[in-house]
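Presented below is the structure to which this report refers.
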Amino acid sequence: MTITRASSEDGTTVTAALVPVGSASTVGAAPTGVNVPGDVLVIGFDGISSGEYSVPTLTAVVTDFRGMANTSVSLLMRRIEHPDDEFYPQTVNVGYRLIERESTRR
């Protein structure tokens with residue numbers, strides 16, 4: 001991702017944390033003239049720990065993977081234990097939390 005001074009964006013969201021870590025570093029680099037978070041805010045999804053070590057550190061939305069795994073196992077066990085029951089598609093909401101770091105602080 002390349003952001004130049006002429007860009008009208010004031011923020012960007014990226015789904016793979018390694019990409020925003022690179023984006024935050026690249027966008028904040030001197031050749032681009034764009035400052036994170038002064039000119040553009042960067043936020044990542046999945047919250048892998050590398051976001052803690054980027055410059056600036058990366059704000060992230062972190063999914064509750066443990067909760068997702070527990071729910072998945074519970075649903076699977078229910079199907080295994082009750083193979084003759086009729087099961088319908090369902091929506092499961094998984095928790096998340098926002099970890100605010102330098103890439104979104106103004």
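These numbers come from a predicted model, not from an experiment.
The main-chain N or O of D64 is never found under 3.5 Å from a side-chain atom of R97 such that the two would form a donor-acceptor pair.
No side-chain heavy atom of T59 sits less than 4.5 Å from a side-chain heavy atom of L41. Between L75 and R78 the shortest side-chain heavy-atom distance falls below 4.5 Å. With contacts defined as side-chain heavy-atom distances shorter than 4.5 Å, the pair T63/V61 does not qualify.
The line from OG1 of T104 to CD1 of I99 is 11.5 Å long, rounded to the nearest 0.5 Å. Note that the CZ atom of F65 and the CG atom of N70 stand 13.5 Å from one another [nearest 0.5 Å].
Taking both residues in full, the closest heavy atoms of G44 and L58 are given as N-CD1, 4.1 Å, listed atom of the first, atom of the second, then distance. When every heavy atom of E102 is checked against every heavy atom of P56, the shortest pair comes out as OE1-CA, 3.4 Å. Listed here is the closest heavy atom pair of E100 and R105: O-NH2, 3.2 Å.
Side-chain N/O atoms of E86 and Y88 include a donor and acceptor closer than 3.5 Å.
Remark: R106 CZ is packed, more than 12 non-hydrogen atoms of other residues, nucleotides or ligands lying under 6.0 Å away.
V62 and V94 end up in different hydrophobic clusters when Ile, Leu, Val, Met, Phe, Trp and Tyr side chains are linked at under 4.5 Å.
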